[in-house]
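Below: one structure, written as structure tokens.
If you're wondering where the values come from, they're calculated on a predicted model, not measured in any experiment. Hydrogens, waters and symmetry mates are skipped; everything else that's a heavy atom, side chains included, is used.
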Amino acid sequence: MSEEAFDAFYAASFPRVVAQIRAMCGNLAEAQDCTQEAFVRAWDKRQQLDEEQYPEAWVRTVAYRLAVSRWRRATRGMRQPDRALEDRSPAEPDPTRVALERALQQIPEDQRRAIVLYHLCDLSVDEIAAEVGAPAGTVKARLSRGRAALAKVMGDPGR
């Protein structure tokens, strides 16, 4: 398509495409922006656009996709932030957590690992056994001894 042919195509098609995109997205300014962007992209491809292959349909499709993309971006911006990206570190360390971490550091490593995997990671005894490469009975013994050691270190009067 020559530059003159494109200019004529633009003049004839722009108002129609804007009206169609406005009907689809409900916003005149958004429809004008998306249509203009679609025509800019069509200008870059004007050598490949053929008047017999309905270039207006191509421009309308591009403009509609741009409008949908903008709408999705806008709705994503209004959503609550992803909880996985939130800063979960408290302003002050929780005294109970600090005490637990200190107590865990004072028990043997095998017992500590079993306690953490069982109570904090919610793994079953069999899952822990598979992960650490020890029999289930050994994991049970480590859990029992680890709990007793933690109770002693943390000063639990029940133990």
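Between the CD atom in Glu131 and the CD1 atom in Ile128 there is a gap of 8.0 Å [rounded to 0.5 Å]. For the atom pair Asp110 CG and Ile115 CD1, the distance stands at 12.0 Å (nearest 0.5 Å). Between the CZ atom in Arg72 and the CZ atom in Arg70 there is a gap of 14.5 Å [rounded to 0.5 Å]. Summarising the geometry, atom CD1 belonging to Ile107 is positioned 13.5 Å from atom CZ belonging to Arg113; distances are rounded to the nearest 0.5 Å. A distance of 10.5 Å separates CZ of Arg41 from CZ of Arg65, quoted to the nearest 0.5 Å. Remark: His119 NE2 to Leu104 CG distance equals 10.0 Å, nearest 0.5 Å.
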Give the intermediate values and the outcome of side chain to side chain donor-acceptor pair (under 3.5 Å) for residues Arg60 and Gln20. CA-CA 8 Å; Arg60 184 177 37 257; Gln20 293 162 352; 2.9 Å; yes
Side chain to side chain contact (heavy atoms under 4.5 Å, CB included) between Thr35 and Val62, worked out: CA-CA 8 Å; Thr35 303; Val62 171; over 6 Å; no
Would Glu56 and Val17 count as a side chain to side chain contact (heavy atoms under 4.5 Å, CB included) if you check the C-alpha gap in whole Å, the side-chain angles of each, and the deciding distance to 0.1 Å? CA-CA 8 Å; Glu56 188 174 317; Val17 175; 3.8 Å; yes
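Trp71 and Tyr64 fall into different hydrophobic clusters, where Ile, Leu, Val, Met, Phe, Trp and Tyr residues are linked whenever their side-chain heavy atoms come under 4.5 Å apart, directly or through other members. Val40 and Phe9 fall into different hydrophobic clusters, where Ile, Leu, Val, Met, Phe, Trp and Tyr residues are linked whenever their side-chain heavy atoms come under 4.5 Å apart, directly or through other members.
Here the closest non-hydrogen pair linking Leu66 and Ala38 is CD1-N, 3.9 Å. Counting all heavy atoms, side chain and backbone alike, Ala114 lies closest to Leu143 at O-CD2, 3.3 Å. Scanning all heavy atoms of the two residues, the minimum distance from Ala149 to Gln111 falls at CB-OE1, 4.0 Å.
Using cut-offs of 30° and 60° for the angle between ring planes, the Phe6 and Trp43 rings count as perpendicular. Ring geometry for Tyr10 versus Phe39: interplanar angle over 60°, hence perpendicular rather than tilted (30 to 60°).
Heavy atoms from other residues, nucleotides or ligands lying under 6.0 Å from CD of Glu101 number more than 12.
Remark: the backbone N or O of Ala134 is not paired with any side-chain donor or acceptor of Thr138 at under 3.5 angstrom. Judged by distance alone, the side chain of Glu37 and the main-chain N or O of Cys34 form no donor-acceptor pair under 3.5 Å.
A donor-acceptor contact closer than 3.5 angstrom is absent between the side chains of Arg112 and Gln106.
If you run side-chain contact (heavy atoms from CB on, under 4.5 Å) between Tyr118 and each of Arg142, Arg147, Lys140, only Arg147 comes through.
Using a 4.5 Å heavy-atom threshold, the side chains of Gln36 and Val18 count as separate.
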